[in-house]
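Below is one structure, written out as C-alpha cells; the observations come after it.
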Protein chains: 2
Amino acid sequence: MKESGDGVVDATGDDAEVDVRRQLIDAATVEFARNGFAGASTRAIAIRAGAHQPQINYHFSSKEALWRAVVDDLFSQLGSFLEPEGTFDDPVDEFRQWVLGLVLFSAERPELSRLIMHEAASYNDRMNWLVDTFARPFVDRRDRVWAELKARGLTADIDDLLAESTLLGATTIPFALMPHVERIHGPVDFDRAMLERHAEGLVRAFLPGLDG
Amino acid sequence: MKESGDGVVDATGDDAEVDVRRQLIDAATVEFARNGFAGASTRAIAIRAGAHQPQINYHFSSKEALWRAVVDDLFSQLGSFLEPEGTFDDPVDEFRQWVLGLVLFSAERPELSRLIMHEAASYNDRMNWLVDTFARPFVDRRDRVWAELKARGLTADIDDLLAESTLLGATTIPFALMPHVERIHGPVDFDRAMLERHAEGLVRAFLPGLDG
DNA sequence: AGAAATGGTTATCAATTGAACAAATTGATG
DNA sequence: CATCAATTTGTTCAATTGATAACCATTTCT
C-alpha cells in the first residue's frame, strides 16, 4: 500500500481501506471540471475526498501536480474508449470508431472536455503541457485520417485547420455543456442506442461522400 | 459625460477623456474569458483598464455585476452579427445566415464562447442567469428553424436535443479554443472569404438534404 | 461664493487561498 | 518491546481576494 510503484494490490485483499490518493484524484476531477483550476480550492477537494487539506500537498507536491494527475487519469480513461492505432484498414471505419468512442466517452465522462475548455481558452502553461503531453498524438492521428478521407473525396468541405476542432466541438460540447442543455430542455438521459445513432449521424454529416 | 443615459457625446468634443466604465467592461471581458469568473481578479481587471480596483465597485456594485455587464455587452455585439427574426421567408436562408453570423462573430469575438464555456460546465447562478436572460431566445429560434428544416427532410440525422449544442460546438469551439489550435498547428489567420467558405461547408454538412 | 454631486485615490478590512511545519498515529520489522 | 518509515492530523503563515470607508479633486447648480 505504501509503495505504489508496481501495481501490486494489497496482499490482505482488504480493499475496504480507501486509497486516499485515488479519492483525491476523483474529488479533484469533479472540482476542477466544475470550477476550473483557479476556482477549485484544495480545501473543497479535500472535503469531497473525505480527507484533510494538507494531504494534498503530501500525496502530490502541489495543486498543479494534482491537476496534472487528474488530466493523466482522464486521458488514460479516454484511451480505453478508442481503438489503438493500426486496428483498421479502412479510414472510414477508423473515423467511425473514433467519433463513436468520443461521443460515448464524453457522455460518460464529460469532465475531460470541461477541463480542457477551462484551460484552452488562454495561452498558459497548463494548456501547453496538456497539448504537448496528451493531445498532440490524438490530434495528429485524427488529422491523418481526415486527410486520407479527404483524398478519397468523402469529407465535408470545411477548412482543414478547423476540421479537427470542429469535430471535437460537435462530438463533445453537447455533453460538456449538459448543464446548459438541461437548463433549457429539462433533464436529459441517453441510452447507448441513442448515442450510437447520434454518432452515426455525425459521421454521415462530416463524410457526405459516403452517401454519394 | 456624467450622464450616459442618452448617447449624447460630450459637448466639448474632447473624447481624449476615456469612459472608465467602458474600459472596465473591455478589460473584464478579456480577463473573464481567459481565466473564468473565479480566476479573474478585480485588481487584474482594473490594471488592464488603467483604473483603480475600487472603481469597479463604484461603477458596478460588485464583481458579479461587472460580469453580467460583460455578458450583456457581448450578447449585444452578437446580435449585430445575426439577422433579426422575420427577415427570411426560407428557413434554409435563415439557417445559413445564422451559421455564417456565428462563425464570423466567434472568429472576431471568441470571448463570449469562452465565457459561456467557463460557466456552462456546472450548475450555477451565473449560468442560469445567462441562459434565462440571453441564451433562451437564441436557442428557441434555432430549434424552431431546425424543426422546420427537419420537416422538409433536409437535416442531418443527429439527435434533436443535441442538435442545438452540436451546431454551437461545431461553429464556435474552433475559435474559442484557438490557443489550443495554434499550439498544435502554429499561428493561424483567416480572412473573410475563408470563413464564408467554411461556414457554407458546415451548412452543407448539417443540411445534407440540400444536395439531394 | 457656497453647497451638492460626481468620481478618483489611498488605506484598510475580514475572509480565503496554497503551502508549510510539527506532533500524533499507524503498521510493519527486528 | 523498540524502532523506523509512512501517513494523518492540527495549527499556522504569508499572500491574495472582494469590498468598504475616508479623503480629495472637479464640476454643477443655486
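As the structure is a computational prediction, the values presented were derived from the model and not from experiment.
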Which of D:dA19, D:dG18, C:dG18 is nearest the side chain of A:Ser41? It is C:dG18
>> Within the 4.0 Å heavy-atom criterion, would you say A:Ala46 contacts the bases, only the backbone, or no part of the nucleic acid?
In response: nothing
From CG of B:Asp19 across to C1' of C:dG8 the rounded distance in Å is 14 Å
OP1 or OP2 of D:dT9 sitting under 4.0 Å from any side-chain N/O of A:Gln55? yes
Closest of D:dA21, C:dC21, D:dG18 to the B:Pro54 side chain is D:dA21
**Asked** According to the interplanar angle, ranging from 0 to 90°, do the rings of A:Phe138 and A:Phe75 count as parallel (below 30°), tilted (30 to 60°) or perpendicular (above 60°)?
**Response** tilted
When rounded to whole Å, the OH to P distance for the pair B:Tyr58 and C:dG8 reads 7 Å
In whole angstroms, the gap separating C1' of C:dG18 from CG of A:Leu24 amounts to 15 Å
Picking from D:dA19, C:dC21, C:dG18, the nucleotide nearest the side-chain atoms of A:Lys63 would be C:dG18
Open item on the list: Mind checking if A:Ala38 touches a base, just sugar-phosphate, or nothing, with heavy atoms under 4.0 Å?
Closed with: nothing
Query - N or O in side chain of B:His52 less than 4.0 angstrom from C:dT9 OP1/OP2 - result: yes
Rounded to whole Å, the CD-P distance (A:Gln53 to D:dT12) equals 15 Å
### Query
Salt bridge or not for B:Glu85 and B:Arg144, using N-O below 4.0 Å?
yes
B:Ile45 atom CD1 is separated from D:dT16 atom P, nearest whole Å, by 17 Å
Separation of D:dT8 atom P from A:Asn57 atom CG, nearest Å, is 13 Å
Of the candidates D:dT12, D:dG18, C:dG8, the side chain of A:Arg43 sits closest to D:dT12
Taken to the nearest whole Å, CH2/B:Trp67 to C1'/D:dG18 is 17 Å
Q) Have A:His185 and B:Asp143 got a donor and an acceptor in their side chains that come within less than 3.5 Å? A) yes
Check the angle between the aromatic planes of A:Phe95 and A:Trp146 and answer parallel, tilted or perpendicular using the 30° and 60° thresholds. tilted
Of the candidates D:dA19, C:dG18, D:dT7, the side chain of A:His59 sits closest to D:dT7
Taken to the nearest whole Å, CD1/A:Ile56 to P/C:dT17 is 12 Å
Without hydrogens or angle criteria, can the side chains of A:Asp73 and A:Gln77 be said to hold a donor-acceptor pair below 3.5 Å? yes
